[in-house]
Amino acid sequence: QVQLAESGGGLVQAGGSLRLSCAASGRTFSSGVMGWFRQAPGKEREFVAARVWRNGRTWYADSVQGRFTISADNAKNTIYLQMNSLKPDDTAVYFCAAGDDGYGVDRYYYSRPQVFPYWGQGTQVTVSS
């Protein structure tokens with residue numbers, strides 16, 4: 001059974017940093033992709049970042065480009081989301097997601113939740129002003 005376990009959320013002041021982790025268990029996604037989405041209260045779930053395992057290619061939403069970095073530890077089957085210069089608008093529940101399709105060609109492809117069949121339970125990130 002595949003499980004994605006997120007950790008690292010919390011409360012931080014605007015301008016601060018947090019690092020989220022997502023450990024996958026039950027299988028690997030060596031030819032696939034893992035990513036992060038977020039959902040703020042009253043809003044739809046939105047794409048944040050994605051990373052393809054086979055070549056390390058990454059994509060980001062415009063709203064986080066230059067502030068967030070997605071990375072991975074292959075040996076631990078874990079991905080990370082380093083979030084810097086946080087803003088109150090970044091407040092949301094952050095979800096880790098995984099899928100087997102590592103051959104998408106752009107971020108618009110990976111911004112679609114249906115590319116990711118596997119999801120974590122989410123971790124809350126709150127940025128105070």
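For the pair Arg112 and Tyr108, the cation does not sit on the ring face, since its NZ or CZ is not both under 6.0 Å from the ring centre and inside 45° of the axis. Judged by the 6.0 Å distance and 45° axis criteria, Arg51 is positioned over the aromatic ring of Trp53.
Note: Phe37 and Phe47 have perpendicular aromatic rings, judged against thresholds of 30 and 60 degrees for the angle between ring planes. Classified by interplanar angle (parallel below 30°, tilted 30° to 60°, perpendicular above 60°), the ring pair Trp119/Phe95 is perpendicular.
Side-chain polar atoms of Ser63 and Gln65 form no donor-acceptor pair below 3.5 angstrom. Arg38 and Tyr94 are linked by a side-chain donor-acceptor pair at a separation below 3.5 angstrom, with hydrogens and angles left out of the test.
Residues Asn84 and Ser17 come closest through the heavy atom pair OD1-OG, 2.9 Å. Heavy atoms only, all atoms of each residue included: Ser31 and Tyr103 are closest at O-CE1, 4.1 Å. Across every non-hydrogen atom of Cys96 and Glu6, the tightest pair is N-OE2, 2.8 Å.
Rounded to the nearest 0.5 Å, atoms CG (Leu4) and CD (Gln121) are 9.5 Å apart.
At most 12 heavy atoms of other shown residues, nucleotides or ligands fall within 6.0 angstrom of atom CD in Gln13.
Between the side chain of Thr91 and the main chain of Val127, a donor-acceptor pair closer than 3.5 Å is present.
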